[in-house]
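Structure record follows, encoded as structure tokens.
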2 protein chains.
Amino acid sequence: MENLSHSEENYLKEIFHLSAQSNDRVSTNHLADRLNAKASSITDMLRKLADKELVSYIKYKGCRLTDEGERIAVQIIRKHRLWETFLVKKLSFGWEEVHEVAEQLEHIDSEKLIDSLDHFLDYPKFDPHGDPIPNKDGQIEYRSSKLKLIDVGIKSRVEIVRVNEDSLSLLKFLEQQELTLGTVIEIMEKFPFDDSVRIKVNGERNINLSKKVIENISVKLLDE
Amino acid sequence: MENLSHSEENYLKEIFHLSAQSNDRVSTNHLADRLNAKASSITDMLRKLADKELVSYIKYKGCRLTDEGERIAVQIIRKHRLWETFLVKKLSFGWEEVHEVAEQLEHIDSEKLIDSLDHFLDYPKFDPHGDPIPNKDGQIEYRSSKLKLIDVGIKSRVEIVRVNEDSLSLLKFLEQQELTLGTVIEIMEKFPFDDSVRIKVNGERNINLSKKVIENISVKLLDE
DNA sequence: ACTATTTTTTAGACATGACTAAATATTTTA
DNA sequence: TAAAATATTTAGTCATGTCTAAAAAATAGT
Ligand SMILES: [Mn+2]
Ligand SMILES: [Mn+2]
Ligand SMILES: [Mn+2]
Ligand SMILES: [Mn+2]
């Protein structure tokens with residue numbers, strides 16, 4: 001309901017993401033790191049957001065979203081992921097190109113726009129990176145398991161369902177290797193000395209993947 | 001090329017529109033009026049834009065866009081009109097609902113986005129109000145004649161090709177009366193005492209239109 | 001040509017969001 | 001548990017974009 005600045009919205013969104021990982025209060029430095037800002041700037045903004053009752057903020061103890069703050073954060077994430085989906089599905093963007101533009105588009109303020117877009121895209125459940133898209137009411141259908149490729153045992157067959165979108169170069173690499181969502185992978189061999197693995201892709205070709213790669217890919221187990 | 005604030009972009013756009021009407025320098029007060037800001041704010045901003053060589057500004061004499069300023073203004077207008085077209089054509093917005101959202105979308109900074117959108121829309125020549133959409137190179141195909149409905153003689157048959165988008169209520173009225181782009185009109189009678197007219201719409205029904213309405217509709221003559 | 005009116009600029013202020021450097025709290029380590 | 005290291009806040013500054021009120025310039029009216 002409130003009218004927030006782009007900056008305020010980015011803070012809420014980032015607090016939501018960090019809370020999801022640790023479920024503890026989010027620390028000032030952690031936020032500073034993610035938002036590419038100085039800790040002092042974070043303190044200032046947390047005060048403002050606390051005044052607006054969008055976060056609970058305790059000096060030296062970090063912050064946490066209020067219900068209202070979380071509601072808003074989820075709506076911004078909804079917009080972000082719907083726009084990313086639009087860019088890939090309708091405008092033929094690559095999955096490594098969409099995040100930057102979505103960072104801008106997520107701040108457009110029009111409920112009618114986003115609901116129309118949702119309809120136009122036929123109510124997609126996941127964005128191009130496999131992250132769930134909150135619905136109009138803010139509900140998020142998380143995947144039942146959060147299995148990472150790095151934790152999969154040898155000889156298991158799995159399907160790629162999500163990749164961490166944070167690294168542009170990872171996305172480019174995966175695209176180039178044709179390791180997109182839906183790709184079926186079998187773990188052929190594990191190399192403990194550097195945590196890399198050898199995999200078979202779509203039952204066809206074998207390739208090696210480094211630890212850095214496989215810890216950023218989420219999969220689901222395929223039963224034989 | 002430069003990175004401009006939303007505010008700076010809005011100034012450039014408005015200077016462009018006002019220049020198109022008067023082709024004289026644009027006055028501080030005229031801008032203040034259109035931008036809903038005080039004259040002193042305009043002076044401040046014109047100084048800044050002059051520093052960036054986007055306008056030529058002469059104290060007490062008003063301003064005018066430089067070539068670079070005009071280039072940027074046209075690109076913003078291109079974005080605005082393409083987004084309006086997208087909203088109507090793809091998301092089923094009414095023509096009276098699009099301007100407000102386009103005011104936000106026009107500031108999204110991504111050349112790839114706007115060129116993809118242009119392609120997706122199949123390179124439209126006109127926006128939902130009949131205004132020409134500049135192409136990628138900034139070229140604008142203006143209509144050959146700028147005939148307004150108010151200047152059309154009795155018994156002439158004309159087609160609506162453009163409406164002034166500035167008034168929400170006018171757009172709603174025209175929509176409701178089914179006076180949309182492409183509608184064919186014949187002037188049946190003119191009433192000099194209030195400059196209103198009686199017209200026949202699509203050869204079917206007769207209605208009366210006030211001066212306020214007919215001075216905001218542009219038409220093209222249909223030869224018999 | 002002088003005065004009145006209108007337009008525009010200047011001066012000074014405020015809100016926002018960010019920064020640096022210094023001070024203070026908290027946590028870690030020995 | 002006391003010093004060292006780390007994390008966080010405070011104090012003071014800056015840039016941006018806006019405003020009000022007062023001063024100055026341009027224009028209009030007699
Ligand atoms: Mn993203
Ligand atoms: Mn994503
Ligand atoms: Mn418009
Ligand atoms: Mn328009």
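In what follows, every chain begins at residue 1, and chains take the letters A, B, ... in the order their sequences are listed. Heavy atoms only: backbone and side chains are in, while hydrogens, waters and symmetry mates are out.
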Detail all sub-3.5 Å separations between protein N/O atoms and N/O atoms belonging to nucleotides 13-16 of chain C.
none

What is the distance from [atom1] of [X] to [atom2] of [N], rounded to the nearest Å?
X     : N      : atom1 : atom2 : result
B/K52 : D/dT16 : NZ    : C1'   : 10 Å
B/L46 : D/dT18 : CG    : P     : 12 Å
B/L4  : D/dT16 : CG    : C1'   : 14 Å
A/K38 : D/dA7  : NZ    : C1'   : 15 Å
B/N36 : D/dC19 : CG    : C1'   : 14 Å
B/Y57 : C/dT9  : OH    : C1'   : 7 Å
B/L35 : D/dC19 : CG    : C1'   : 15 Å
A/K61 : D/dT9  : NZ    : C1'   : 14 Å

Do any pairs count as a salt bridge (Lys or Arg N to Asp or Glu O under 4.0 Å) and have a residue in residues 82-94 of chain B, sequence neighbours left out, and if so which ones?
none
Within 6.0 Å of NE2 in B/H119, more than 12 heavy atoms from elsewhere:
no
With sequence neighbours excluded, what pairs up with [X] under the salt bridge (Lys or Arg N to Asp or Glu O under 4.0 Å) test?
X      : value
A/K59  : none
B/E215 : none
B/E8   : B/K52

What residues in residues 25-32 of chain A put a non-hydrogen atom under 4.0 Å from any atom of DNA chain D?
A/S27, A/T28, A/N29
Members of residues 8-22 of chain A that approach DNA chain D, where some heavy atom sits under 4.0 Å away:
none
Passing option when B/V98 is tested against B/H80, B/R81, B/E165, B/H129 for side chain to side chain contact (heavy atoms under 4.5 Å, CB included):
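The single option meeting the side chain to side chain contact (heavy atoms under 4.5 Å, CB included) with B/V98 is B/H129.
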Would you say B/K59 places a side-chain N or O within less than 4.0 Å of OP1 or OP2 belonging to C/dT10?
yes
So do the side chains of A/F173 and A/L209 get within less than 4.5 Å of each other, counting heavy atoms only?
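Yes, their side chains come closer than 4.5 Å.
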So do A/D118 and A/P124 actually touch side chain to side chain, heavy atoms under 4.5 Å?
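Result yes, sub-4.5 Å side-chain heavy-atom pair found.
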Mind checking ring-ring contact (aromatic ring centres under 6.0 Å, His included) for A/F86 and listing every partner two or more places apart, or none if nothing turns up?
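Applying ring-ring contact (aromatic ring centres under 6.0 Å, His included) to A/F86 gives A/W83, B/F86.
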Is it true that A/D194 and A/K212 have a side-chain N and a carboxylate O under 4.0 angstrom from each other?
no
Are B/E175 and B/K172 close enough for a salt bridge, meaning some N to O gap below 4.0 Å?
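A salt bridge is absent here (no side-chain N lies under 4.0 Å from a carboxylate O).
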Contacts of A/S167 that satisfy side-chain contact (heavy atoms from CB on, under 4.5 Å) - sequence neighbours left out:
A/S169, A/L170
From the set [options], return the single nucleotide nearest to any side-chain atom of [X].
X     : options                : result
A/S40 : C/dA18, C/dT20, D/dT18 : C/dT20
A/A37 : C/dC19, D/dT9, C/dT10  : C/dC19
A/T43 : D/dT18, D/dT9, C/dT10  : D/dT9
A/S7  : C/dT9, C/dA18, D/dT27  : C/dA18

Residue pairs meeting side-chain hydrogen bond (donor to acceptor under 3.5 Å, both in side chains), one or both in residues 26-46 of chain B, sequence neighbours left out, come to B/E14-B/R34
Distance-only check: which donor-acceptor pairs under 3.5 Å involve side-chain atoms of residues 143-154 of chain A, not counting sequence neighbours?
residue: A/R143; atom: NH2; partner: A/G130; partner atom: O; Å: 2.4
residue: A/R143; atom: NH2; partner: A/V161; partner atom: O; Å: 3.2
residue: A/S145; atom: OG; partner: A/L147; partner atom: N; Å: 3.4

Would you mind classifying the nucleic acid contact of B/S41 as base, sugar-phosphate or nothing, using non-hydrogen atoms under 4.0 angstrom?
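The residue B/S41 makes base contact.
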Pairs under 3.5 angstrom, nitrogen or oxygen only, protein versus nucleotides 23-25 of chain D, please.
residue: D/dA25; atom: O4'; partner: B/Y60; partner atom: OH; Å: 3.3

